[in-house]
Amino acid sequence: MEPYETSLDVAEAVRAQSALRDQLDLTNSLGTAPEFVAGLDVSYEVDSRYAAAAAVLIELRTLEVRETAIAYGEVTFPYVPGLLAFREVPILREALGKLAGRPDVLVCDGYGIAHPRRFGLACHIGVVTGLPSFGVAKSPFGMQFVDPGSQRGDWSPIVDDGEVLGRVLRTQAGIKPVFLSVGHRVGLDQATELTLKMSREFRLPEAIRKADFLSREELRRRRRAG
DNA sequence: GCGACAG
DNA sequence: ATCTTGTCGC
């Protein structure tokens, strides 16, 4: 069974998710100094059927963009909370495949293991690419947490059923925090460190921000072209 | 049964 | 996610 074939219904997707979860590696395999991160994001047309995905490769040391890639196409799977990956992974992989450079780690707009079935978008992307990955989400997704301190770098645990699944992390003083969780082959401390490193100026990590802008720009460009 | 619900 | 104006603030 192909993990993301277009004909899956919700029940089949849940089963496919469960099968993929068996391949999840929660061990940190990032070295002390990863060099390149690829940020991923998807923007949708108004009809929510066609979308643009962006992959932005940035150099961690400088936060400068090294390379970008775009994919555009129809998204068939509906948005179902907990199954976002079945909607976004195919087009994200297409964008990723256009990158010539190889990222050391991927950052997704969404959740990793802080997920109802412990297997969010960042886990999917990590497992299917084999690359280390983690997720940075903008809203709680029903997760239980207490507000972290107001300073940059302050965090509090995301807990579900007594399990620590991630962190609510303040990336900018006095600004709404982000919701961090690991995807694949990355430790929570490493993901936290990378997120802070990439969020020097804004709430969201640069790689995700750039991917967001780029995918939106692609939609605008196509609208203007016809 | 009803509301909540990453993007 | 996306539809949307003005507005407050640096």
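First the proteins, then the strands, lettered A, B, ... as listed; each starts at 1. Predicted model only: the values in this text are computed from it and were never measured.
- The side chain of A:Asp109 lies closest to B:dG7 when the candidates are B:dG7, B:dC5, C:dT2.
- What separates CG of A:Leu40 from P of B:dG7 is a distance of 14 Å, to the nearest Å.
- Put simply, CD on A:Gln144 is 17 Å from P on B:dA6, counting in whole angstrom units.
- Using a 4.5 Å heavy-atom cutoff, the side chains of A:Asp212 and A:Ser43 are in contact.
- In this structure, A:Ser139 does not reach the B:dC5 phosphate: none of its side-chain N or O atoms is under 4.0 Å from OP1 or OP2.
- When each of B:dG7, C:dT2, B:dC5 is scored by its nearest atom to the side-chain atoms of A:Ser43, the top-ranked nucleotide is C:dT2.
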> Can A:Glu45 and A:Arg222 be said to form a salt bridge (Lys or Arg N to Asp or Glu O under 4.0 Å), step by step?
Replying inline: CA-CA 10 Å; A:Glu45 299 282 12; A:Arg222 285 177 174 269; over 6 Å; no
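- Within the 4.0 angstrom heavy-atom criterion, only backbone atoms of the sugar-phosphate kind lie near A:Asp41; the bases stay farther away.
- Atom OH in A:Tyr111 sits roughly 13 Å away from atom C1' in B:dA4 (whole-Å rounding).
- Using a 4.0 Å cut-off between charged side-chain N and carboxylate O, A:Lys210 and A:Asp41 make no salt bridge.
- Heavy atoms of A:Leu83 sit under 4.0 angstrom from at least one base atom.
- What separates CD1 of A:Ile175 from C1' of C:dC10 is a distance of 12 Å, to the nearest Å.
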>> Pair A:Ser156, A:Asp147 - check side chain to side chain contact (heavy atoms under 4.5 Å, CB included), show working.
In response: CA-CA 7 Å; A:Ser156 57; A:Asp147 219 43; over 6 Å; no
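- One atom, NZ of A:Lys176, and another, P of B:dA6, lie 12 Å apart when rounded to the nearest Å.
- Both thresholds, 5.5 Å between centres and 30° between ring planes, are met by A:Tyr79 relative to the base of B:dG7, so the two rings are stacked.
- With distances taken from any side-chain atom of A:Phe141 to the nucleotides B:dG7, C:dA1, B:dC5, the minimum falls on B:dC5.
- Taking atom CZ of residue A:Arg87 and atom P of nucleotide C:dT2, one finds them 11 Å apart after rounding to whole Å.
- At the phosphate of B:dG7, OP1 or OP2 sits under 4.0 Å from a side-chain N or O atom of A:Lys138.
- If you check B:dC5, C:dC3, C:dA1 against the side chain of A:Arg223, the one that comes closest is C:dC3.
- Residue A:Glu88 contributes atom CD, which lies 12 Å from atom P of B:dA6 at whole-angstrom precision.
- If you check every strand for non-hydrogen atoms under 4.0 Å, A:Arg216 touches sugar and phosphate atoms only.
- Within the 4.0 angstrom heavy-atom criterion, no nucleotide atom of any strand lies near A:Gly135.
- We find that CG of A:Asp212 is positioned 7 Å from P of C:dT2, with the value rounded to whole Å.
- Taking 4.5 Å as the limit, every side-chain heavy atom of A:Asp160 sits out of range of all side-chain heavy atoms of A:His115.
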